[in-house]
Amino acid sequence: MNYGRDDVHEHNYIFFFDQEPIHLNIHMPTFRHVASLNLDIAESTSNSAGYMLTSEKDSEMLTRICKNFGWKPLYYFFHGWAALDWYRGYDKTFLITPPAQRQITKTFVAPNRIVAGERQHRLEMLYHIFKNNMTHNHISCPAVCPAENISILEAIKPMIAKYPDIESVFASQSLPINFEGETDHPMHSCWLSLFDQCAESLLYLVTETVATGRRHHLTEKTFKPIAMGMPFVIVGTRGSLEYLRSYGFRTFEGIWDESYDQADDAVRIERIASLLRSLDELSLEEKQELFDQCQEVIEHNWNHFYGGGFEAVLWKELNEMLNEIEPCS
């Protein structure tokens, strides 16, 4: 939604779209309205275009929009700042079991709340979890998507062509699946939770907000396992792990196969499912040994997040972005 007055036009403006990912089928009317309320480069006598500021890096969507409206793109990592704010102080509590004291009994923890609409990749991931009998791990899944208000059995229908058995696989499950002590799949974006489940899980399966298309758009979800002192696998766009490493974090290449990160959209989730299945087949002793091998990376990421290293990278990025803005004429 865009608020403005039809009788007042602005120039030298910055349009902030820095939280949610860009979906042209949803947001194009908003972008047109923004342009109608502002003097863009085609109308301006000062030859100064508006700026569109997002948290999408290397985004084909953003390139198309800026070309269409004559905007100049700006970028900073909104969700990095949000995670530092939302998860601050947890390192000073007793809520998080120290990694060295954990006893691993599960392969992964995988929270799922909004699973329909533009987040259908989460249903695809759940299909593989159900089909490969990995429901003994800590997972959640609603019966009705709380954002789209559509039943899961209806939401999976567009995927029947790719997975002919998807209806029977989901029908075999008793939905909803809730974590212990939870009902109705509450929103947990702005705080950490599931401390007991995370303490006994080898890794956190992050099903990001966006998982297709040429762009990088990680959210606070990726920083939950980092702030919890956990390894992770990210269901995101191609190159998500590489993008995260560019901010000083480390991932788990050499401990398990992370080649899924560079796989094409059509097969990335299947590659992730294969990785999870291979880890799930390990004995408890082997899972514990694997978790112990992750300790150095876990500690580095924890210290980088809570010790100021990540914040320093974000400040540098933010200042460089601000310096790109041309003074008003």
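Owing to the predicted nature of the structure, the values given are computational and were not obtained by experimental measurement.
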Any donor and acceptor pair, going by atom type alone, linking the side chain of [X] with main-chain N or O of [Y] inside 3.5 Å?
| X | Y | result |
| --- | --- | --- |
| R238 | T212 | no |
| N319 | W315 | yes |
| S274 | R271 | no |
| R268 | G236 | yes |
| E324 | L74 | no |
| H128 | R277 | no |
| Q288 | I104 | yes |
| T63 | S59 | yes |
| H27 | H23 | yes |
| N112 | A110 | yes |

Could you tell me if [Y] and [X] have a donor-acceptor pair between their side chains, going purely by distance under 3.5 Å?
| X | Y | value |
| --- | --- | --- |
| Q262 | E242 | yes |
| E200 | H138 | yes |
| T219 | E208 | yes |

same_hphob_cluster([X], [Y]) at 4.5 Å side-chain heavy-atom cutoff:
| X | Y | result |
| --- | --- | --- |
| Y247 | M228 | yes |
| V235 | V210 | no |
| M230 | L284 | no |

How long is the straight-line distance from [atom2] of [Y] back to [atom1] of [X], given to the nearest 0.5 Å?
| X | Y | atom1 | atom2 | result |
| --- | --- | --- | --- | --- |
| I177 | S140 | CD1 | OG | 8.0 Å |
| L24 | I65 | CG | CD1 | 5.0 Å |
| E296 | I255 | CD | CD1 | 8.5 Å |
| L205 | S201 | CG | OG | 10.5 Å |
| K72 | I14 | NZ | CD1 | 11.0 Å |
| F170 | L175 | CZ | CG | 7.5 Å |

Practice problem: Test D85 against R88 for side chain to side chain contact (heavy atoms under 4.5 Å, CB included), laying out the working first. | Solution: CA-CA 5 Å; D85 178 29; R88 70 186 186 276; 2.2 Å; yes
For [X] against [Y], the heavy-atom pair lying closest together:
| X | Y | value |
| --- | --- | --- |
| S189 | K224 | O-CE, 3.9 Å |
| V297 | T251 | CG1-O, 3.6 Å |
| D280 | K287 | O-NZ, 3.5 Å |
| P99 | F291 | O-CE2, 3.3 Å |
| P158 | E154 | CD-O, 4.1 Å |
| W302 | A227 | CZ3-O, 3.1 Å |

Self-check item: Stepwise side chain to side chain contact (heavy atoms under 4.5 Å, CB included) check, L53 with M321
Solution: CA-CA 10 Å; L53 191 153; M321 182 271 289; 3.6 Å; yes
Does a side-chain N-to-carboxylate-O contact under 4.0 Å join [X] and [Y]?
| X | Y | result |
| --- | --- | --- |
| K157 | E167 | no |
| R119 | E148 | no |
| K316 | E320 | yes |
| K131 | D165 | yes |
| R215 | D58 | no |

Quiz item: Can F223 and F77 be said to form a ring-ring contact (aromatic ring centres under 6.0 Å, His included), step by step?
Solution: CA-CA 12 Å; F223 295 103; F77 197 173; 5.8 Å; yes
Exercise. Answer yes or no: does atom CG of N149 have more than 12 heavy-atom neighbours from other residues, nucleotides or ligands under 6.0 Å?
Key: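 No, CG of N149 has 12 or fewer neighbouring heavy atoms, counting only those of other groups under 6.0 Å.
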Quiz item: Is atom CG of D265 surrounded by more than 12 heavy atoms (other residues, nucleotides or ligands) closer than 6.0 Å?
Solution: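 Counting neighbours around CG of D265, more than 12 heavy atoms of other residues, nucleotides or ligands fall under 6.0 Å, so yes.
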Self-check item: Working for side chain to side chain contact (heavy atoms under 4.5 Å, CB included), residues H33 and T30
Solution: CA-CA 5 Å; H33 192 220; T30 299; 5.7 Å; no
Are [X] and [Y] close enough that some pair of their side-chain heavy atoms sits under 4.5 Å apart?
| X | Y | answer |
| --- | --- | --- |
| E270 | K162 | yes |
| W86 | L192 | no |
| Q120 | V115 | no |
| F249 | L241 | no |
| P111 | F179 | yes |
| N137 | V109 | no |
| Y87 | E220 | yes |
| S240 | D261 | yes |

Exercise. Report the C-alpha distance between E317 and Y75 in whole Å, list the side-chain angles of each, state the deciding distance to 0.1 Å, and finish with yes or no for side chain to side chain contact (heavy atoms under 4.5 Å, CB included).
Key: CA-CA 9 Å; E317 173 187 83; Y75 164 86; 3.2 Å; yes
Does [X] have its ring centroid less than 6.0 Å away from the ring centroid of [Y]?
| X | Y | value |
| --- | --- | --- |
| Y127 | Y163 | yes |
| Y306 | Y90 | no |
| Y51 | Y13 | no |

Exercise. Kindly assign one of parallel, tilted or perpendicular to the pair F31 and F69, based on the angle between their ring planes and the thresholds 30° and 60°.
Key: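 The rings of F31 and F69 stand perpendicular, inter-plane angle above 60°.
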Quiz item: Using the ring of each side chain (for Trp, its six-membered ring), is H304 parallel, tilted or perpendicular to F310, with breaks at 30° and 60°?
Solution: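 Judged by the thresholds at 30° and 60°, the geometry between H304 and F310 is tilted.
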Practice problem: Show the numbers, then the answer: is there a side chain to side chain donor-acceptor pair (under 3.5 Å) between T209 and K221? | Solution: CA-CA 8 Å; T209 301; K221 301 171 188 66; 2.9 Å; yes
Practice problem: Report the residue from H216, H79, H217 that forms a ring pair (Phe, Tyr, Trp, His ring centres under 6.0 Å) with Y243. | Solution: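 Of the listed options, the one satisfying the test is H216.
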Self-check item: For I22, the option from R64, M52, E60 that meets side-chain contact (heavy atoms from CB on, under 4.5 Å)
Solution: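 Result: among R64, M52, E60, M52 is the only option passing the side-chain contact (heavy atoms from CB on, under 4.5 Å) with I22.
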Quiz item: Are S283 and E286 close enough, and set up right, to give a side chain to side chain donor-acceptor pair (under 3.5 Å), and what steps lead you there?
Solution: CA-CA 5 Å; S283 67; E286 289 172 320; 3.3 Å; yes
